[in-house]
Enquirer: 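Before we start, here is the structure in question, set down as structure tokens.
Because the structure is predicted, anything quoted here is derived from the model rather than measured. Residues: numbered from 1 along the sequence shown.
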Amino acid sequence: MDAVWMLPVLLMLPLLLWTSSTFVFYFKKCFYVAYMMLLAFIAMPICILKSGGRDIENMRVIRFMVRHVKYFLGLRYQVSGWEHLQTDGPYVIISNHQSSLDVLGMMETLPDRCTMIAKKELIWAGTVGMICWLGGIVFINRQKTSDAKNVMSDAAKTMLADKIRLWVFPEGTRNQNGGLLPFKKGAFHLAIQAQVPIIPIVFSSYNNFYLRKEKEFKSGSITLKILPKIETKGLTADDVTTLSEQSFGIMRSAFLEISGQTVQSNGPSTH
């Protein structure tokens, strides 16, 4: 009897996927979350057996497990500027932040011995939170400035001691309004305190395929542009604002450039 009831549902699924953009939006979103949870569940024992627990080397496993997800969502990535990641030693990567889909682009370019700084709430996201913890992700409490500063200070020391790289979203929250939000200062304090370079990575706009308000999630192409490193040697805390503004200007120009190219190659934006 259950099989009989399931038959109409299975028959309706391709019809809805073909005719309803809203259904496609929610279907892809639910699939993405559920599949990432499943992949995290599979990766957990692999990471524990490989590294014995929490270790930044587990990001290699996570990167390998996640990189194919783009194909199920109909996404393509075009990456330029690979030479700028050929930098020895620790550095801070900064990138713009549009949605949870940024994780897929991140895994396209994530260098070895690199993890990220994320909001503390992520650790409670089921198996995804656990795999983030196993991957050495640094969690900060955005509600308490003093705690966040302490975490950043400890992260700077860890970068130098363990020769790791950290990925930071300086906007601090997701933004799909066709530009970049003003940068928070944490990433720049971190880079200056550790005296390591900053490497900006810019994601083109998702508006040509992903519109949250309009409930559209089509296939699409994302351009990632890795920009030349910005040195911080010799800079002090007094230079944080200037460094932040310089980075914002460079990334905003790149964002407008590559978003225009992406929109042109994939049809006009509907936003």
Side-chain angles (χ1 to χ4, degrees), residues 40 43-44 47-48 50-63 85 87-97 102-103 106-107 109-125 127-174 181-201 229-244 246-248:
M44 283 164 52
C47 290
I48 292 171
K50 178 179 181 295
S51 303
R54 180 174 166 85
D55 193 314
I56 194 172
E57 289 299 321
N58 288 329
M59 291 302 295
R60 291 174 178 261
V61 176
I62 297 170
R63 181 177 60 191
L85 283 181
T87 300
D88 294 331
Y91 47 78
V92 174
I93 294 175
I94 57 173
S95 69
N96 55 316
H97 190 21
D102 294 342
V103 172
M106 182 180 175
M107 293 303 150
T109 55
L110 190 76
D112 290 337
R113 296 199 60 74
C114 182
T115 190
M116 65 180 289
I117 292 179
K119 59 184 180 181
K120 190 175 182 179
E121 294 85 347
L122 184 61
I123 200 170
W124 305 113
T127 55
V128 168
M130 180 55 69
I131 200 64
C132 287
W133 183 83
L134 287 170
I137 285 179
V138 179
F139 298 100
I140 61 171
N141 186 345
R142 298 183 299 179
Q143 308 305 318
K144 293 185 178 180
T145 303
S146 59
D147 288 355
K149 287 182 177 178
N150 290 335
V151 170
M152 287 294 194
S153 179
D154 291 341
K157 296 174 184 176
T158 302
M159 285 184 72
L160 297 176
D162 298 340
K163 307 298 182 185
I164 68 173
R165 293 84 181 252
L166 285 173
W167 189 303
V168 186
F169 296 104
E171 290 172 286
T173 189
R174 300 173 189 175
L181 295 175
F183 286 173
K184 298 183 182 300
K185 304 296 176 59
F188 308 98
H189 278 290
L190 171 64
I192 287 177
Q193 187 171 346
Q195 292 287 283
V196 299
I198 291 172
I199 299 180
I201 297 181
K229 66 182 177 181
I230 303 171
E231 292 289 355
T232 66
K233 287 184 179 179
L235 300 184
T236 68
D238 294 334
D239 300 305
V240 164
T241 298
T242 301
L243 180 62
S244 172
Q246 175 190 2
S247 302
F248 179 88

Enquirer: Please tell me if the side chains of Phe248 and Pro170 come closer than 4.5 Å, counting only heavy atoms from C-beta onward.
Expert: no

Enquirer: Would you compute the distance between atom NE2 of His189 and atom NZ of Lys184 and round it to the nearest 0.5 angstrom?
Expert: 12.5 Å

Enquirer: Compare every heavy atom of Ile192 with every heavy atom of Thr236, then report the nearest pair and how far apart it is.
Expert: O-CD1, 3.5 Å

Enquirer: Hey, what do you get for CD1 (Ile198) to CD1 (Ile94), rounding to the nearest 0.5 Å?
Expert: 5.0 Å

Enquirer: Any sub-3.5 Å donor-acceptor pair from Asp154's side-chain atoms to Val151's backbone N or O?
Expert: no

Enquirer: Considering only heavy atoms from C-beta outward, does the side chain of Val138 approach that of Thr158 to under 4.5 Å?
Expert: no

Enquirer: What pair of heavy atoms forms the shortest contact from Lys120 to Phe139, and how long is it?
Expert: CA-CB, 4.0 Å

Enquirer: For residues Ile164 and Pro90, report the shortest heavy-atom separation together with the two atoms involved.
Expert: O-CB, 2.9 Å

Enquirer: Take atom NZ in Lys50; do more than 12 heavy atoms of anything else shown fall under 6.0 Å from it?
Expert: yes

Enquirer: Side-chain contact, heavy-atom cut-off 4.5 Å: Phe183 with Glu171?
Expert: yes

Enquirer: So which heavy atom on Leu160 is nearest to which on Ala194, and how close?
Expert: CD2-O, 3.4 Å

Enquirer: Can you check whether Asp162 reaches Arg113 side chain to side chain, under 4.5 Å on heavy atoms?
Expert: yes

Enquirer: State the CZ-SG distance between Arg54 and Cys47, to the nearest 0.5 angstrom.
Expert: 12.0 Å

Enquirer: Please report the shortest heavy-atom distance between Met44 and Met130, naming the atom on each side.
Expert: CE-CG, 3.7 Å

Enquirer: Mark yes or no for whether Gln195, through its side chain, and Leu235, through its backbone, hold a donor-acceptor pair below 3.5 Å.
Expert: yes

Enquirer: So, do Lys229 and Tyr91 sit near enough that their side-chain heavy atoms are less than 4.5 Å apart?
Expert: no

Enquirer: Quick one, Phe188 and Ile230 - any side-chain contact, counting heavy atoms below 4.5 Å?
Expert: no

Enquirer: Within this structure, what is the CD1-CE distance for the pair Ile93 and Met116, rounded to the nearest 0.5 Å?
Expert: 11.0 Å

Enquirer: For the CD1 atom of Ile201 and the CG atom of Leu85, what is their distance to the nearest 0.5 Å?
Expert: 5.0 Å

Enquirer: Measuring from Glu121:CD to Asn141:CG, what's the distance to the nearest 0.5 Å?
Expert: 7.0 Å

Enquirer: Can you tell me which residue among Lys185, Lys149, Met159 is in a side-chain contact (heavy atoms from CB on, under 4.5 Å) with Leu190?
Expert: Met159

Enquirer: Where is the tightest heavy-atom contact between Ser51 and Asn58, given as atom of each residue plus distance?
Expert: OG-OD1, 2.9 Å

Enquirer: Before you tell me yes or no, could you show the steps for Val92 and Ile199 under side-chain contact (heavy atoms from CB on, under 4.5 Å), namely the whole-Å CA-CA distance, both residues' side-chain angles and the distance that decides it to 0.1 Å?
Expert: CA-CA 6 Å; Val92 174; Ile199 299 180; over 6 Å; no

Enquirer: Assess whether a salt bridge exists between Arg60 and Asp55, defined as any Lys/Arg side-chain N lying under 4.0 Å from an Asp/Glu carboxylate O.
Expert: no

Enquirer: Using a 3.5 Å distance criterion without hydrogens, assess whether the side chain of Ser247 forms a donor-acceptor pair with backbone atoms of Leu243.
Expert: yes

Enquirer: Under 4.5 Å between any side-chain heavy atoms of Met59 and Cys114, yes or no?
Expert: no

Enquirer: Contact between Asn96 and Asp102 at the side-chain level, heavy atoms closer than 4.5 Å - yes or no?
Expert: no

Enquirer: Would a distance-only check, ignoring hydrogens and angles, find a side-chain to backbone donor-acceptor pair under 3.5 Å from Arg63 to Leu110?
Expert: yes

